[in-house]
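Written out below as structure tokens is the structure these notes cover.
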Amino acid sequence: MREKRIRLQNSIKRLYERLNRVRLLQAIKGSLVMIIPVIMVGAFTIVLRSLPVPVYQTWLHGFAGGAVDKLLEYIYQATFGILSLYMVVSLAFCYASKVEEMAGNYMGAILSSLLAYFIASGIFSEGADILHLLGANGLFTAIVSTLAANTMYFWLNKKIRVDIRIYTSGTDDVYFHMIRYILPILIIGMVFSLLNLIYYALFGVHSFQELYIMALGSMFRWAGPDFGSTFLYVFMVHFLWFFGIHGGNVLDAVWGDILDPGVEANAAALAAGNIPTEIFSKSFIDIFVILGGCGSTMCLLLAILLFEKKRGMRKLARFAAVPSLFNINELLLFGVPIVYNPIMLIPFFLTPIVNLLISTVAMKLGLVPVVSHSVEWTTPIFLGGYYATGSIAGAVLQGVNLFVGVMIYRPFVRLMHRENARNSRARIGILVELLQQSEDTRVPVTLLEQDGDAGVVAKMLSDDLQGAVRSGRPCMYFQPQYDSDNHCIGAEALLRWNHPVYGMVYPPLVIKLLEETELLTKAETLILKTVMEQMRQIKDIYGDQVKISVNVTGLTIQLDEYESFLREMWERYPEHVGNIMIEITEQASLQIDDAFLARLARIKEMGYRLAIDDFSMGNTSVKYLRSNVFDMIKLDGSLIRDIESNERSRGIVRNMVNMAQEFHIDILAEFVETKEQQELLAELECNLYQGYLYSPAVSLEKFLEKGCG
């Protein structure tokens with residue numbers, strides 16, 4: 001059974017990866033994501049205009065002569081009213097951006113797409129309803145014409161090379177590119193115009209828009225407001241949406257005449273004193289079948305909040321909660337994502353179909369009245385059920401459908417969690433390789449600016465990391481430090497991150513992400529505060545002379561607020577300050593001047609001890625010794641790693657030990673991993689050690705268990 005499940009998961013993964021490599025599908029998905037702001041703004045204007053509260057509606061239409069309603073209408077017309085135009089531009093841009101030879105010259109693709117769409121939509125036909133065609137009803141034509149025009153445009157650019165060289169003081173590269181666009185765009189315009197003539201000659205229609213509506217109409221001429229046609233409508237809407245095409249808007253032009261009359265017939269029957277009998281209508285589907293939007297995504301949202309462990313996914317669900325309440329689900333469709341995601345294919349289709357069956361049976365049996373009042377599709381759940389049926393039973397039916405839908409989505413949310421976790425663990429390895437390569441070559445890298453999967457995972461990890469830091473409960477590990485008599489004299493406190501999904505994350509990656517999210521200083525203060533709180537336990541085991549080193553970057557140690565924080569800790573834990581060794585890292589970012597040395601002197605006067613990490617023979621490091629404020633230097637780990645085989649490394653260590661003794665400063669060697677390294681260091685009179693020879697970094701509990709031995 002387990003082998004079958006693994007094979008199924010691998011098949012799903014391969015299908016998902018294959019779909020994501022198809023250029024056309026990538027472009028459609030990307031373009032819909034790009035116009036989400038327009039869709040959201042337009043949808044919220046619908047919400048504000050149709051909120052089913054009588055007092056609000058009276059105010060909306062009466063205040064200032066209906067000025068507020070008019071303002072919202074302007075926004076609606078500028079968004080949903082010309083939605084197809086937004087789709088053409090975004091799809092042309094997304095498609096062109098995936099063609100390497102375009103090299104950022106996307107304007108030709110956009111212009112040719114607009115030209116093709118205007119011709120294919122038939123807006124110039126006599127008697128055409130331009131606003132109707134430019135809105136959501138023209139979306140399918142926008143997608144088809146844009147993809148066709150782009151495919152032709154790129155092919156023509158390869159086959160036809162227009163080399164017109166006009167050199168004047170007013171010309172530039174943009175001018176030359178636009179000259180090249182003329183012939184391909186002209187050919188595309190002629191092809192689409194010729195197609196319109198063919199449509200008229202063969203079918204008596206003037207455009208592709210009319211042709212596809214006629215084709216769908218003839219295909220479903222038999223359909224009526226019954227279960228079969230409603231089932232087919234629900235299936236087709238979701239089939240189109242799964243491939244990133246707004247199924248509802250594409251099919252409304254055909255199915256509106258089939259499904260809309262149901263509510264009108266019921267309302268007329270009710271007014272005549274008869275019992276309404278028509279179950280199936282557009283409002284029936286909106287209210288009882290697709291809760292939260294296509295795919296009944298309100299059910300998915302609750303399943304994520306209840307059963308998903310990843311912080312990023314739960315954050316997405318919370319962010320999408322308010323729009324989903326008004327049946328606006330684009331954030332979930334493209335954020336989860338559902339579009340092109342084979343894991344979500346089954347529940348995305350199954351949940352609305354099950355809701356359709358449950359609602360049909362409930363109304364057939366008379367348990368719930370049929371829909372007799374037209375309700376706007378943005379009406380929130382429970383309110384919609386009540387208003388549409390005029391009965392509390394309608395709201396109860398929505399609740400039943402919501403519960404069943406959550407249970408359907410539940411196993412798939414968990415499957416998606418496992419699949420995402422497995423993929424992300426592999427992609428985290430890419431980040432680690434990038435970071436290690438940067439450390440080896442000393443070429444800086446910004447992880448959050450990486451393209452592709454690496455950048456996505458970096459952003460996801462940084463988001464989770466911010467939550468972990470802001471929770472105020474850091475995961476602390478301690479790497480013990482020993483003297484030549486094998487006595488534990490202290491430890492270095494280290495931040496570790498045990499991710500709830502991916503396990504222990506590579507420590508330098510954690511530090512790097514903290515730097516890039518500007519949370520490193522907050523994390524460093526949190527570490528010291530945590531150590532102060534744990535110091536009593538540590539001193540009970542290791543004695544009052546134990547020293548705990550806490551890392552602080554060169555940027556943080558120079559901040560006034562960090563000095564103020566140290567003073568606050570000194571006032572709160574005066575008995576523990578002398579046990580804290582502030583270990584300064586990344587000295588390259590330090591500005592060593594009188595003001596900085598004065599700051600270090602003030603910190604030392606509070607009782608803190610100071611150490612330099614990764615000490616070497618550079619001029620900067622030597623200046624530290626002359627300042628007479630440091631208590632310890634920690635040798636650069638690269639010197640210790642090859643101390644057995646490299647005579648120069650031994651010579652450098654010998655010189656640094658001599659300098660430390662002359663200035664009465666302790667010297668500690670990190671990365672001591674073998675007995676031979678320790679014995680060589682002892683011969684060089686370096687008598688303090690830290691490394692795997694003694695202990696790796698361990699949790700506080702294990703550190704306390706070690707005791708003084």
Side-chain angles (χ1 to χ4, degrees), residues 31-53 56-93 110-111 113-146 207-210 212-213 241 245-257 260 282-283 286 293-294 322-323 326-331 333-334 374-380:
S31 63
L32 281 164
V33 171
M34 287 179 68
I35 64 173
I36 280 178
V38 174
I39 293 173
M40 297 292 291
V41 170
F44 274 121
T45 60
I46 296 175
V47 171
L48 293 174
R49 294 188 73 193
S50 60
L51 200 63
V53 179
Y56 172 78
Q57 287 295 324
T58 301
W59 172 84
L60 182 66
H61 293 93
F63 179 75
V68 176
D69 182 57
K70 199 66 179 175
L71 179 117
L72 294 174
E73 183 185 359
Y74 289 149
I75 298 174
Y76 172 81
Q77 293 297 347
T79 52
F80 275 118
I82 54 171
L83 187 62
S84 293
L85 286 182
Y86 290 109
M87 186 66 188
V88 170
V89 174
S90 64
L91 180 54
F93 175 83
I110 294 173
L111 291 175
S113 299
L114 286 169
L115 176 66
Y117 170 66
F118 287 139
I119 297 171
S121 64
I123 64 171
F124 303 116
S125 301
E126 185 177 351
D129 186 344
I130 296 177
L131 289 179
H132 179 77
L133 292 171
L134 294 181
N137 288 298
L139 206 59
F140 183 68
T141 300
I143 293 172
V144 172
S145 60
T146 301
S207 65
F208 175 80
Q209 173 83 3
E210 292 182 37
Y212 103 79
I213 290 175
W241 250 125
I245 301 171
H246 199 302
N249 288 336
V250 168
L251 297 177
D252 269 358
V254 176
W255 287 88
D257 294 336
D260 285 346
K282 186 66 168 61
S283 290
D286 290 338
C294 287
V322 174
F326 296 99
N327 301 314
I328 303 167
N329 66 343
E330 278 77 8
L331 291 176
L333 285 173
F334 299 103
S374 183
V375 176
E376 193 67 51
W377 62 271
T378 54
T379 305

Exercise for the section: Evaluate the side-chain contact (heavy atoms from CB on, under 4.5 Å) criterion for residues Phe326 and Thr379: first the C-alpha distance (whole Å), next the side-chain angles of each, then the deciding distance (0.1 Å), finally the verdict. Expected result: CA-CA 6 Å; Phe326 296 99; Thr379 305; over 6 Å; no
Check whether any side-chain heavy atom of [X] sits under 4.5 Å from a side-chain heavy atom of [Y], and report yes or no.
X	Y	result
Val89	Leu114	yes
Phe140	Phe208	yes
Ile123	Tyr117	no

Exercise for the section: Please collect all side-chain hydrogen bond (donor to acceptor under 3.5 Å, both in side chains) contacts where either partner lies in residues 63-75, sequence neighbours excluded, each pair once. Expected result: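 Residue pairs with at least one partner in residues 63-75: Arg49-Asp69, Lys70-Glu73.
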Review item, side-chain donor-acceptor pairs of residues 77-87, under 3.5 Å, at least two apart:
from	atom 1	to	atom 2	distance (Å)
Thr79	OG1	Ile75	O	2.8
Thr79	OG1	Tyr76	O	3.0
Ser84	OG	Leu134	O	3.4
Ser84	OG	Gly135	O	2.5
Ser84	OG	Gly138	O	3.3
Ser84	OG	Leu139	N	3.1
Tyr86	OH	Ala78	O	2.7

Can you name the closest pair of heavy atoms from [X] and [Y] and give their distance?
X	Y	result
Gly293	Asn327	N-OD1, 3.8 Å
Leu60	Leu48	CD2-O, 3.8 Å
Ala92	Thr146	N-CG2, 3.7 Å
Ala120	Ser207	O-CB, 3.2 Å
Ala142	Ser145	O-OG, 3.3 Å
Thr45	Leu72	CB-O, 3.9 Å

Problem - Residues that Thr141 engages under side chain to side chain donor-acceptor pair (under 3.5 Å), provided they are two or more places apart - result: Gln209
Problem - Contacts of type side chain to side chain donor-acceptor pair (under 3.5 Å), residue Ser113, not counting sequence neighbours - result: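 Checked Ser113 against side chain to side chain donor-acceptor pair (under 3.5 Å); matches are Asn150.
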Completion exercise
Residues at least two apart in sequence or cross-chain that pass ring-ring contact (aromatic ring centres under 6.0 Å, His included) with Phe93, listed by chain then number, are Tyr106
Fill in the blank from the handout: Rounded to the nearest 0.5 angstrom, the CD1-OG distance for Ile130 and Ser121 is 9.0 Å
Problem - Pro323: side chain to side chain contact (heavy atoms under 4.5 Å, CB included) partners, not counting sequence neighbours - result: Met40, Phe44, Ile328, Leu331
Exercise for the section: Report the C-alpha separation of Glu210 and Ser125 in whole Å, then their side-chain angles, then the decisive distance to 0.1 Å, and conclude whether the side-chain contact (heavy atoms from CB on, under 4.5 Å) test is met. Expected result: CA-CA 11 Å; Glu210 292 182 37; Ser125 301; 4.3 Å; yes
